[in-house]
Every structure is written in structure tokens, then in C-alpha cells.
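Since this is a predicted model, take the numbers as computed values, not measurements. Proteins get letters first, then strands, A, B, ... in listed order; numbering begins at 1 in each. Basis for what follows: all heavy atoms, side chains included, without hydrogens, waters or symmetry-related copies.
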Amino acid sequence: MNAPYDPRTVEQSVQQTWDAARCFEAGESAAAEKFYCLAMFPYPSGQLHMGHVRCYTLGDVINRYHRLKGYNVMQPMGWDAFGLPAENAAIKNGIPPARWTRDNIAYMRGQMRELGFGIDWSREFATCDPEYYHWEQWFFIKLYEKGLVYRKSSMVNWDPVDQTVLANEQVVDGCGWRSGVPVERREMPQWFLKITDYAEELLDELDRLDGWPESVKNMQRNWIGRSEGVEIDFPVSAADAAAGGDPLRVYTTRPDTLLGVTYMAVAAEHPLARQAAERSPEVAAFVDKCRNMQTAEAEIATLEKEGVPTSLTVEHPLTGEPIPVWVANFVLMEYGSGAVMAVPGHDQRDWEFARKYGIPIKQVIEPAGDEPCDLDAAAFTDYGKLVNSGEFDGMASARAFAAIAEALEAKGLGRRRTNFRLRDWGVSRQRYWGCPIPMIHCDACGIVPVPEQDLPVLLPTEVTFEGVRSPLTTMESFYRVNCPQCGAAARRETDTFDTFMESSWYYARFACPDANQPMLDERANYWTPVDHYVGGIEHAILHLLYARFFHKLMRDAGMINSDEPFTRLLMLGMVLKDGRKMSKSSGDAGNPQVLLEKYGADAVRTAMMFAAPPDQSFEWSEAGVEGQARFCRRLWNLVQDHLAAGDVPALNPAELSDAGRDLRRKSHETLQRADDDYGRRLTFNTVVSAVHELTNAVSRTEPAHEHDRAAVREALKIAVLVFSPIAPHVTQELWSALGERALLVEAQWPAVDESALVQDTVELVVQVNGKVRGHVSLPADVDEDTARSAALENENVERFVAGKTVRKVIAVPGKLINIVVS
RNA sequence: GCCCGGGUGGCGAAACUGGUAGACGCGCCAGACUCAAAAUCUGGUUCUGGAGACAGAGUGUCGGUUCGACUCCGACCCCGGGCACCA
């Protein structure tokens, strides 16, 4: 290797070596501990952007580090291939989504190979492969049979541009996440997965996910949103009961304020509101207005709180007093029972509403301490002590909570209840490019699942688009079927699944991508859970929650024996360009291909790792790449110069000069520090710094003799090995140049030689009143008294101590001495 | 409004357990090599003063704890993310 460093040549040849040796093909083995390393698979949008480069480089660094540490590592890759952009491309350019997707995959796979990711390509699949979605359909039917799937007509978010239903989470600020236009509300029959059955477990298990960032767990906790409260029935007053007798049911987290209720508020869609509308034109007009407002879907949050009184009253469950019922626009039909008890004294929203409409405000809680409380200015919303509450007076809120709950339970008018904010997962999409929902609608038999032997329901790939609507809805060959039960003409479901379905279990399928009977086999239990999952912060809630849900579904179906899918989680910050998230529109600066051709994969990977710690968002700039290309070249030249100077003897620490010993200490410090940075801290930016420092130390070292040159060789080998997870190509080439015959990916991370870390002399900082005034060099095992007198003898220190009284001397062994004077 | 992060040179950042703030890199400046340029190498580079040794100031702001604070505590300002008529 006497040639000058040419990254493209080196990288191609090293990649061929890996391919020939099939280094990254993983198999189940009892010989070493398994390590499943996974980065979130990409949507095949066309080409990689810098966000992808960051994500998969981080994944690959973790992969390669764990190989060096002796694990049996598996790092797979696949494609989240269903989704809207393929359809949009088809509509725009007339290319069928399947072909567009396959072309993109081929191109992006090539880019990943060029970047040198150590991926087990034998496991690759795309979610649009029938062999994959076959099992998703199969599992959906199993869940249907278990009662975890249901069909419900419900209000949905309708995107008028994309002509499809959006999940709540796909609506951002009232607009579709892709189209950007305001969503409308429509009623439609939809398929739902009962994720709420698992709400409790999904929440509780977060406490045990020690390998997850606290911020992500918090986001999931908020999303699931557990609240502890009481469900209370307010009987309809006798005069109104004739119209239909069901009590008005509400849910509250503050039963301690029950005696402060002065009105009830129900949603416009609530049955009581409809009932009142029949009798009162004012109420009917208001209910109508609310519906229109929701259809227009403006900024709900800034909406003025409005309502109308009905002539209905209910009875207070404890006192029997009549309470007026209002229809209010701030009550959500979808949450709880669509009705609330209003306590204007102790809820700010209820307070504002009461002030606006002149409804009485009654104080039932007073501050336990000295907090201010002026019900003319605002509601008092803290917990406190009960007043004006009869037998409950004087109780603290917490005790009153229990006492009032018991009193209600005794009367049969209430019960304690845990509520969740989480809703069931609507999985139907009125789109073409997705997994067909394996159901058949028969006039006689109703819903009939597609029989197992007829799976998969294949998505036709030869289609033509007329407008945005799914071609399936007009494709007779697809939807005209005979009912599997009665044989009569029936209609196949033409909706497809939300693509979050595919990404909810792909990680398990990678363990056994060819499993046939059924979707997973015993290999899934060898590889899962994923030991380290890497991906973008934008998936902190939905994808991760759905995947956790699916894992539990697969566990309860007997296919998986763990509770959680991802043991350790690394959430990447975003790669920004001009302050915005990187995307296709970012132009050349965001195009890794240009950089790859100019500087090579090692430089691009290193620059990306060096730019910032992984969890931090940062603005990408090309400037750093050139610097890292320079560093690769320096390392290359350093190794060449070293080799050109001839052979070295076996390392003998006893023969080293001071310079040799210093270098050797630096080598082993680097090894120790990098091990911690790679394994525990996940700060790969500081690994790059550490390798730079070691390389600088080698450059500066002037070997006194051949023994020192042996220390230089050791330093170079450590630098190369430590650097290899980040820059795997150049390091492989240098590794073999340094005389190693086995591949670097098969090497073992060396143990730190503790004796090399020992220093005979240490430099102590001397401070006077906390300010650095000098340094003293002393033997490492110096006693404290000697250190003190040496510090006081320091010339510059003397100047600051002279004429003053030494009050105290603080000595931190091996670090510093602080002399306190006055 | 509530819940998380974060604020350090011209720039990206480091300082992990309270112990030399600015490692490492980018950029810039100077020098070497060169007819010249690029590349490469060497040195310098927080600010202010000083030829320099050195001194003073300095990690968003104000205050506190401590021999000693980027790090801990209290109040506040700003930036980013998440949630939000959730009863």
C-alpha cells in the first residue's frame, strides 16, 4: 500500500472483501451473546438524505463496536414501502407505485452499500412484498377472532386533498400532515384495533424501560394519559324523567369538589342536547352551529367558550338539589361520556363560563396553607380543605376524594374509575398503495374474514389512476368476490391498512424473514427483543407505541416470549438545513451522493459522527467533511511513514523512554475512554476527538529507539481499531498494512493495560483563593505535606500569598492544592 | 397553560462524580515549501491590557451555597420539542 490515499478505491475494495467473506450474515449461535442492532427502516422516497446517513451510520457504529466486543451481532435492513408518496408519484408521473418503489429501493440500497454499512442483506424485505403482508393480514384476522378488532362508524378526520381519513396523530394544527390543508370531519365506518385494552400495561411498563430516554417515556405517558377519578351519575329530575330516564353520567378527577357543582355541561352531540334541541329552537340553533364549526375546523383551542341553557335539570347525587344542564362547545363527545359536572369555584374553564353566563360560583375548597384565593378573580384549582360540603367539611382533598367516592358507591350513583386519553387505533385508509384489509362484506352474512387458505389478498400492481381516489374502488376484478360463507355475491373491503401496521412488527420479522407457518418462528425468540434501536425523535410516540402494542399482541398470541420489543433506545435529533428539517427539497447540500463521490464514505461518516452528540439536533454543513477527509489521509500517511522506517521488536514496556511511556499511556487512556463513549455514553463525537488526540500524540512523539517505535506501532493499531466502527474502510486497509491478517471486523477489542495508565509524576494545579496561580510537578505518590510545601514555594504563588495569612490549605490528591489566604 | 430538553469563543462543540473552562475540529492569521497557486507541514487564535512574563474579565440574567460552580439551589429571560377545551 505505498500508494497515496484514494478513498474511493480503498472503499470499493474493502466492501468487496466484506461481501466475499459474508462478514455480516448473522446466524443463531449459542457460542456468543446475541446483539440485535436495528435502525428504523426507511421509506424508499428516492434517495438518502443526510438524516438517513446520520441514522444508519449511528446504527452501524453500534453494530461494529459490538462485533469488536465479541457479540453475535445482527443488523438487518428493509423498506417501509407502502405509503402516500408512491401514489402521488403515480398520479403525477403515471408510474405505477410498485415500480416507482422498487426503483427507489434499488437506488437507496446501492447508496447504503457505498456508505459501507455492515448489514445482513440476506434478511432484506420490503413491506409491500406479499410474503410480508400476507402475515399481517393473517394476524389481523386472528385479532378479529379474539375480539381485538372491531368496526365502528365514527367521526374521522377527512383530508379533502388526499381524499383519505387521517389518524388524530396525522393532523397537525388542524391540517393534514402531508397535504397541509385543514381537515374536515366526516362519519365513516372504520376498522379499529383495541389498543386501549393494553393502555394500562403500555403505561406501567414504561417504568421498567431503563434503556429508554426519560423524555420519550414522558411523551408516551402523556399520550396514554391516565387519570384517576370517579364516574358519577346525576339522575334526571322527575319532571324530565318522563322523556327518557337515563341518568347523566360524568367523569371527574376532582370528586372532592362535588358539592360545588352549579351546572352541568354536555357536548352538542350528547343525547341530552339532542333531546333539548327538539324542544327549544335556541338549543337547536346552537347544536347546529357547533356542528358547522367542527366541520370548518378552525383553531379549536382559541375558540370562545360558548353555551346555551336547556330547560333540563338533573339532581345532585348527594343533596338532591336541582342542577341546570347546559350545552357547551368546549365539551368533547369523544372523551369520557361527553358531559362534565362544572365546578366554577375550582376549575378555571368552568369559572370563565360561569362568569360569562351569570351562573353561581360556590366555594367548597379553601387553601390548606397561605396560597391566595379570590374567587372573584379566578378559580382556586389547588387541593385544599373542604368547606360548604356538609359532612365532608374540614377534610383534606385527598381524604374527601375517598369519602365522597364511597358515599356515591353506597348510593349506587358512582364508582372509582381510571380513564385514559389514549383512543383505539383506527387502521383503515381509503388508499390504494397499502396492505389490503382481508375482509369481505356480504349482504346476508355481514362481515366475513378472508379464509386463511385464500391469503394473502394480493394488492394488484397493474393499476391506472383516475384522480386521487384509490383504483381499488373501481376495480371489479378486485372487489367482486363470492362470500366465503354463503357463496353469494359479495364485496371485498377496498380500504388498506395504515402503514404504521407494517412498521409495528417488521423488527420481529427480520429474525425469520422466510418464516412460513405462521408469521414468526422460534428464531424470533432468539433475536428479539431488539437490543439497541436507533431512530428519529419524530417517531417517539406513535411508531414506538404501536410497535410496543404489537409486541404484546404477538406475545399474547404465543409467538414471542418477551414483554417489550426494544431494550435500549437511541432517539436521534434532527438534521437541519437552514433551520428546517432535512428533506428531499434541501438540494445538493443535503445530498450525500455528491459528498460520497468527492470525499468518500469514511469522511462523510466521520464528519456526521463528529458534528454533535446523537440526541442533539444540528444544522448540517459540508465544511466538516473536508476536515475529516484530511484526518483520514493524515492517519494513512502516518502509518505509511511508520512502516517505511522498518520493523519493530515486540513491545517491552520496561525499555520505553519517557516519550514512549507517555504515548503508551495515551494509547490506553484512549482505549478506555472510547470503550465508555461507545458502550455507555453513546457520544461518538468524543470518540472521534479521542482518536484525533492519539494521532496527534503519535505525530509529536519522536521515538528514542526501536522500543519506542513498538509503542508507536501499538498506538497506531489502537487508533485504527478504535476508529474502525466509524470509518471502517480506511481502518481495514491500515489494519492489514500493520501486519494483521484477519479482518478488522473479526478483531477483539483489546483489554486496557492498567500498568500503562500509571503515572510517576503528576502536575498539580496550585490555586490561591480559588484562582490558578501556578503548577507544580511532583511524584505521583507524594504525601500531602510535601505537596503543600512545594505549592507554597512556587514563585508566582508566593507573590499572592506574601503579606497575607494562610487560613486553610485544601489538597485534592493528584489534582490540585488550594491555598486560602486573607 | 402543562411536561421535557437546551443556552459555553467567529462556528460545530468538550469539560462524565463540584476541582486548570474552551479538548478536538472548522474558519481565520502568520511562517515553511513553491516562479506562483493548490495541497501539505509548523506556529498562533475567548475577550481586554501588555513586547512579554503576567494580570483583569468571562459559560443566558440576577441572587445563593462552597476553599472552589458551566456543573448544585432559588428566581427570571430566551430558544427547541411534546401535549392541550382531557373534565
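Separating the C1' atom of B:rU8 from that of B:rC70 is a span of 7 Å, rounded to the nearest Å. Straight-line distance between the C1' atoms of B:rG10 and B:rU61: roughly 23 Å, to the nearest whole Å. Comparing the P positions of B:rC28 and B:rA38 gives a spacing of 11 Å, expressed to the nearest Å.
Nucleic acid contact for A:Phe420: none, since no nucleic acid atom lies under 4.0 Å from a heavy atom of the residue. Among the heavy atoms of the strands lying under 4.0 Å from A:Val820 are primed sugar atoms or P, OP1, OP2 only; no base atom is included. Residue contacts shown for A:Val809 are absent, as no nucleic acid heavy atom lies under 4.0 Å away. Here A:Asn637 lies out of heavy-atom contact (under 4.0 Å) with every strand. When heavy atoms are screened at a 4.0 angstrom cut-off, A:Ile541 is found touching the sugar-phosphate backbone but no base atom. Within 4.0 Å of A:Arg700, counting heavy atoms only, lies no atom of the nucleic acid at all. At a threshold of 4.0 angstrom between heavy atoms, the contacts of A:Arg807 with the nucleic acid are absent. Here A:Gly627 lies in heavy-atom contact (under 4.0 Å) with sugar-phosphate atoms only. Looking at heavy-atom distances under 4.0 Å, A:Arg226 makes no contact with the nucleic acid at all. Counting any heavy atom pair closer than 4.0 Å across all strands shown, A:Arg221 reaches no nucleic acid atom.
Checking B:rU20, B:rC24, B:rC86 against every side-chain atom of A:Glu693, the shortest atom distance belongs to B:rC24. For A:Asn818, counting side-chain heavy atoms from C-beta on, the closest listed nucleotide (B:rA39, B:rA13, B:rC67) is B:rC67. The nucleotide whose nearest atom lies closest to any side-chain atom of A:His692 is, among B:rA87, B:rC3, B:rC24, B:rC24. Among B:rA87, B:rA84, B:rC3, the nucleotide with an atom closest to any side-chain atom of A:Val331 is B:rA87. Taking only side-chain atoms of A:Arg421, from C-beta outward, the nucleotide of B:rG12, B:rA14, B:rC86 with the closest atom is B:rC86. Closest to the side chain of A:Ile810, from the set B:rC67, B:rC86, B:rC3, is B:rC67. Nearest to the side-chain atoms of A:Gln767 among the listed nucleotides B:rA23, B:rU20, B:rA84 stands B:rU20. Nearest to the side-chain atoms of A:Val812 among the listed nucleotides B:rG19, B:rA57, B:rA55 stands B:rG19. Looking at the side chain of A:Arg349, the nearest of the listed nucleotides B:rA15, B:rC16, B:rC85 is B:rC85. Distance from the side chain of A:Arg681 is smallest for B:rA15 among the nucleotides B:rA15, B:rA39, B:rC3.
Classification of A:Glu693 and A:Arg673 as a salt-bridged pair holds, one side-chain N sitting under 4.0 Å from a carboxylate O. Ion pairing between a basic and an acidic side chain is recognised when a charged N comes within 4.0 Å of a carboxylate O; A:Glu798 and A:Arg773 show no such pairing.
Within the shown strands, nothing qualifies as a pairing partner of B:rC85 under the Watson-Crick or G-U definition with both distances less than 3.5 Å. Base pairing of B:rC47 is made with B:rG56, judged by Watson-Crick or G-U wobble geometry with both donor-acceptor distances under 3.5 Å. Base pairing of B:rA75 is made with B:rU61, judged by Watson-Crick or G-U wobble geometry with both donor-acceptor distances under 3.5 Å. In this structure, B:rC70 forms no base pair with any nucleotide, since neither Watson-Crick nor G-U wobble geometry is met with both distances under 3.5 Å. Base pairing annotation: B:rA15 forms no Watson-Crick or G-U wobble pair, as no partner gives both donor-acceptor distances under 3.5 Å. The partner of B:rU42, taking Watson-Crick or G-U wobble pairs whose two distances both stay under 3.5 Å, is B:rA30. Pairing for B:rU8 is absent, judged as Watson-Crick or G-U wobble with the two contacts each under 3.5 Å.
Note on A:Asn685: every side-chain N or O is 4.0 Å or more away from OP1 and OP2 of B:rG12. For B:rG56, the OP1/OP2 oxygens have a side-chain nitrogen or oxygen of A:Arg773 closer than 4.0 Å. For the OP1/OP2 pair of B:rA87 and a distance below 4.0 Å, the side-chain nitrogens and oxygens of A:Tyr251 include no atom meeting the criterion. Close to B:rG25, at under 4.0 Å from its OP1 or OP2, lies a side-chain N or O of A:Asn696. Taking 4.0 angstrom as the limit, A:Lys305 places none of its side-chain polar atoms (N or O) nearer than this to OP1 or OP2 of B:rC85.
Residue A:Phe618 qualifies as enclosed at atom CZ: its count of foreign heavy atoms under 6.0 Å is above 12.
Residue A:Thr686 is the one, among A:Met333 and A:Thr686, whose nearest nucleotide of RNA chain B lies closer to the 5' end (criterion: closest heavy atom). Both A:Asn796 and A:Leu816 sit near RNA chain B, but only A:Leu816 has its closest nucleotide nearer the 5' end.
Remark: side-chain polar atoms of A:Lys815 are not paired, donor with acceptor, to backbone N or O of A:Val765 under 3.5 angstrom.
Judged by distance alone with a 3.5 Å cut-off, no donor-acceptor contact links the side chain of A:Arg630 to the base of B:rC26.
Of the residues listed (A:Tyr599, A:Phe610, A:Phe723), the one engaging A:Phe631 in a ring pair (Phe, Tyr, Trp, His ring centres under 6.0 Å) is A:Phe723, and it is the only one.
Following rounding to the nearest Å, A:Glu702 (CD) and B:rU42 (C1') show an atom-to-atom distance of 13 Å. Whole-Å rounding puts the A:Phe353 CZ to B:rA87 C1' distance at 14 Å. Summarising the geometry, the separation between CD1 on A:Ile537 and P on B:rC83 is reported as 11 Å, rounded to the nearest angstrom.
Donor-acceptor pairing under 3.5 Å is lacking for the side chains of A:Tyr65 and A:Ser724. Remark: the A:Arg634 side chain and the A:Asn637 side chain contain no N/O donor-acceptor pair separated by less than 3.5 Å.
For A:Phe353 and A:Phe330, the ring centers are positioned less than 6.0 Å apart.
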